[in-house]
There are 2 protein chains.
Amino acid sequence: MQSHKNLTMDQVKVIEIKKSVFEDNDRAADELRGELKKRGVYLLNLMSAPGSGKTTTLIQTINRLKDKIRIAVMEADIDSDVDAVKIKEATGVSSIQLHTGGMCHLDAEMTRQGLDNVDMNGADLVILENVGNLVCPAEFDTGAVRNAMILSVPEGHDKPLKYPLMFSVCDVVVINKIDVMPYFDFDLDKCKEYIRMRNPKATVIPVCAKTGEGIDAFADWLIHEVHTWQNTN
Amino acid sequence: MQSHKNLTMDQVKVIEIKKSVFEDNDRAADELRGELKKRGVYLLNLMSAPGSGKTTTLIQTINRLKDKIRIAVMEADIDSDVDAVKIKEATGVSSIQLHTGGMCHLDAEMTRQGLDNVDMNGADLVILENVGNLVCPAEFDTGAVRNAMILSVPEGHDKPLKYPLMFSVCDVVVINKIDVMPYFDFDLDKCKEYIRMRNPKATVIPVCAKTGEGIDAFADWLIHEVHTWQNTN
């Protein structure tokens, strides 16, 4: 799989992702997951609406985990490389930018194109920050071990009613920007109730990525996930 | 074009939109626009990310305009009818809910399916509230006279860099939730600069839909648009 590579001023690798032609995405995703399992690499697919705070949450989480496990990040975006640069500058971990060329999601083959450009030697955890979109990314298995999503307080507690599939496919829902709860009509209990309507098993973790509040809980969830993935058959 | 119709408890009509098969969406959109022109109906396509405040902005705007022009609303959503009910309850104007059945956008033919269920007799303005998504809806001409979008302060001022097409295709960008500007790192000047990079002609209108601040400017823009559309050839 050929990808065009170049380096920005900040030396972040930018990969132009090609539209994949695989018809059976579920099979491609299962194959990718099998390969990752053999290599002991845990892939997390992180999704959210635009501006929910994926990158800030990742920076906080990575800074808590990077001395315990080896982490790499793939930042998917339609355009720009601001997120990959931010992650690299703020955490020092390996970070590449995937450009989707207008595409609204990543599937397993597109994820593989990204992984081909990640230094996976010794990596325990690769985090894919998906395109900011609550609709399309939910429809495509990327090959990740788990799907995580961030819902931010300003978006409103009714989002599980409006974007049911996204909440159904996510194993963990991080509720971000809880510091601004007093300024919005956001009912956390109602939000949790709506999430459980879509996915009774989902773990819900309220955080404020800006201050770091609650991030320990997400980091603990993640490192436990990685160790379990690496230590079971 | 057949659509399944039913009434909810609140007597809001819910239309299940079928995936359209038209290959040439641009042509279908131009045809629809031509028909609307003949009938003197102005169609506005309103887009945004999830939770940016489309419905609240519409309620405030409609309440300022409903005694001057005749308005109908089509609320598109993957699921739920909360928005159509809200609009009807808060403004009294005719409001129907379009269910996209998981689809991430509306094209011209899908918009037409909705319009077939709107009482257009005497309507001056029909507003389509598109699916909450900054990616896919930007790619499909719905047949609307103009595209409008809402960017809310909590999403961040960098969104025009990350979702270039959405900002390119919109004639007006409403910046909502300006009341919470003190709690977010949102640079309005930088945001305007980024919007103009994508679309030098875009009108930018800062508002707070919750309090109504700035809504007069958007309502003025809209009524001027409607009158111009109706009074020119």
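Excluded from the calculations below are hydrogen atoms, water molecules and symmetry mates; all remaining heavy atoms, backbone and side chain alike, are included. The shown structure was predicted, so the numbers you read here are calculated from the model rather than taken from an experiment. Quick note on labels: first sequence line is chain A, next is B, and so on, each numbered from 1.
Taking 4.5 Å as the limit, every side-chain heavy atom of A:V135 sits out of range of all side-chain heavy atoms of B:H105. Looking only at side-chain heavy atoms (C-beta outward), B:F184 and A:V180 come within less than 4.5 Å of each other.
Between the side chain of B:K177 and the backbone N or O of A:P154, at least one donor-acceptor pair lies under 3.5 Å.
For a residue to count as touching a neighbouring chain, one of its non-hydrogen atoms must lie under 4.5 Å from one of that chain's; by this rule A:V82 touches chain B with the side chain only. Contacts between B:K162 and chain A at a heavy-atom distance below 4.5 Å involve backbone atoms as well as side-chain atoms.
Once rounded to the nearest 0.5 Å, the distance linking CD1 of B:I78 with CG of A:L161 reads 12.5 Å.
Within 6.0 Å of atom NZ in B:K190, 12 or fewer heavy atoms from other residues, nucleotides or ligands are found, so the atom counts as exposed in its surroundings.
Of the listed residues (A:G156, A:P50, A:G102), the one with the most heavy-atom contacts under 4.5 Å to chain B is A:P50. Taking B:D185, B:L165, B:D83, B:L151 one by one and counting their heavy-atom pairs under 4.5 Å with chain A, the maximum is reached by B:D83. Options A:G53, A:A138, A:S52, A:G132 differ in how many heavy-atom pairs under 4.5 Å they form with chain B, and the most are formed by A:G132.
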